[in-house]
Peer 1: 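I have a structure here, written as structure tokens, and I will follow up with some questions on it.
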Amino acid sequence: MKFCVLGSGSKGNATYLESGKTRILIDAGMSGKELQRRLAVIGVDISAIDAIIVTHEHNDHIHGVGVLSRRAGIPVFANPATFSAASPKVHRLSAYNEFETGVAFQFQGLEIHPFAISHDSADPVGFRISDGSVSLGFCTDTGRVSQLIRHRLATCQALLLESNHDIELLQNGPYPPYLKQRIRSSQGHLDNVAAAAFLKELLHEGLQHVVLAHLSEENNRPEIAYRHAVAALNSNPLDKKKGVRISVACQESIGEFIHLSV
Ligand SMILES: [Zn+2]
Ligand SMILES: [Zn+2]
């Protein structure tokens, strides 16, 4: 399995994942044109995408879903509440498949397990995606961490975790009070300290790579999020953190390809 964050942040989120002959996008929150451009940069034609799986209906996750689906005949997977909340924005889809939150489904050699997260949208989910050998745990846009999320993300070889904001930067920043409140709420976004503490809990010997994602451009800095995550790993015994790499996804540029070894 390998994956690549095409872009991450409040202006648009999309991640490309490939295993065997299967190629999917997790969210498609930039314009169709921009997503096609970014896919071309990593050598992937839009016609090669087998499915788009959607976490929730916020525009930074679905902006390009309708266009890509219609343009390349790509089926879209989401839960019913997300489909109905997203439909005014995505319009007609080439094909769509409903999944049920909490129920794993199979797709072309992948097992995709959507699980509930805590966010101000209709029925937001994270995913655990396995190909039988390795798993990616994918969790952004959650205001808090639950036992269920912990359970689903445990033992994954790779994690893509939200590290949205720095509390001080948010508090002292330009956002109006209602928006600060929304971001900090249990249905908002995880801050760097909470994300690092969660990462510390999730650390295990099989973990290979952690991507910190959905960083706020206004209320965070990549180096601050990174520093918190590294400190969390360093507070663990050596054998557990051995070999774990951390990278920070950003909005403007495409991330590196992350290859997971069996
Ligand atoms: Zn959201
Ligand atoms: Zn988002």
Side-chain angles (χ1 to χ4, degrees), residues 3-17 25-32 34-35 38 52-66 68 76-90 99 101 114-127 136-146 148-149 152-153 159-167 169-170 173 175-176 178-192 194-195 198 211-220 222 225 248-255:
F3 68 99
C4 169
V5 179
L6 298 173
S8 185
S10 56
K11 291 189 193 134
N13 295 274
T15 297
Y16 171 79
L17 181 141
L25 287 179
I26 307 161
D27 289 332
M30 287 168 262
S31 72
E34 181 61 13
L35 280 166
R38 293 192 185 209
I52 303 170
I53 62 173
V54 177
T55 58
H56 66 296
E57 73 276 15
H58 286 161
N59 201 48
D60 57 320
H61 298 261
I62 63 161
H63 185 58
V65 166
L68 291 189
V76 178
F77 290 72
N79 59 39
T82 297
F83 269 127
S84 80
S87 67
K89 286 181 269 187
V90 301
F99 59 69
T101 300
F115 55 86
I117 58 175
S118 177
H119 193 54
D120 53 359
S121 61
D123 189 4
V125 297
F127 295 109
L136 165 66
F138 190 101
C139 183
T140 67
D141 300 73
T142 192
R144 67 183 183 88
V145 171
S146 65
L148 175 73
I149 299 176
R152 289 287 171 259
L153 297 183
L159 294 169
L160 186 143
L161 290 182
E162 167 166 69
S163 192
N164 179 260
H165 59 277
D166 176 87
I167 289 176
L169 287 177
L170 177 67
Y175 282 13
Y178 82 89
L179 194 50
K180 291 180 180 177
Q181 184 59 39
R182 195 217 134 210
I183 292 168
R184 289 199 63 174
S185 82
S186 64
Q187 294 201 309
H189 292 280
L190 276 195
D191 72 88
N192 293 333
F198 187 33
V211 181
L212 305 175
H214 215 303
L215 269 72
S216 166
E217 286 185 296
E218 199 73 58
N219 305 306
N220 208 350
V248 184
C250 70
Q251 187 75 79
E252 299 305 331
S253 58
I254 302 166

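In listed order, ligands and their atoms are each counted from 1. One-based numbering along the sequence shown.
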Peer 1: Classify the ring geometry between His61 and His56 as parallel (under 30°), tilted (30 to 60°) or perpendicular (over 60°).
Peer 2: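 Ring orientation, 0 to 90° scale: tilted.
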
Peer 1: For the Zn ion (ligand 2), find the closest N/O/S atom on Asp60 and give its atom name.
Peer 2: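 Atom name of the closest N, O or S in Asp60: OD2.
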
Peer 1: Knowing that exactly one of Asn13, Thr55, Thr15 qualifies, which makes a side-chain hydrogen bond (donor to acceptor under 3.5 Å, both in side chains) with Asp27?
Peer 2: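 The passing option is Thr55.
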
Peer 1: Search all heavy atoms of Lys180 against all heavy atoms of Gly173 and return the closest pair with its distance.
Peer 2: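 Heavy-atom minimum between the residues: NZ-O, 3.2 Å.
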
Peer 1: Report yes or no: does His119 have an N/O/S atom closer than 2.8 Å to the Zn ion (ligand 1)?
Peer 2: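 Looking at His119, which is the residue asked about, there is an N, O or S atom under 2.8 Å from the Zn ion (ligand 1).
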
Peer 1: By atom name, which N, O or S atom belonging to Asp141 lies closest to the Zn ion (ligand 2)?
Peer 2: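 Minimum-distance N/O/S atom of Asp141 relative to the Zn ion (ligand 2) is OD2.
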
Peer 1: Using ring-ring contact (aromatic ring centres under 6.0 Å, His included) as the criterion, point out the one residue from Phe77, Phe115, Phe99 that pairs with Phe127.
Peer 2: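 Among the candidates, only Phe99 passes.
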
Peer 1: Which is the closest N/O/S atom of His58 when seen from the Zn ion (ligand 1)?
Peer 2: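 That would be atom ND1.
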
Peer 1: The Zn ion (ligand 2) to His56: any N/O/S contact under 2.8 Å?
Peer 2: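 It does not; every qualifying atom lies at 2.8 Å or beyond.
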
Peer 1: ring-ring contact (aromatic ring centres under 6.0 Å, His included) with His189: which of His119, His58, His165?
Peer 2: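 So, applying the ring-ring contact (aromatic ring centres under 6.0 Å, His included) to His189 and each of His119, His58, His165, only His119 qualifies.
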
Peer 1: From the Zn ion (ligand 1) out to just under 2.8 Å, does an N/O/S atom of His61 turn up?
Peer 2: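 Given the 2.8 Å cut-off, His61 does not count as a ligand of the Zn ion (ligand 1).
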
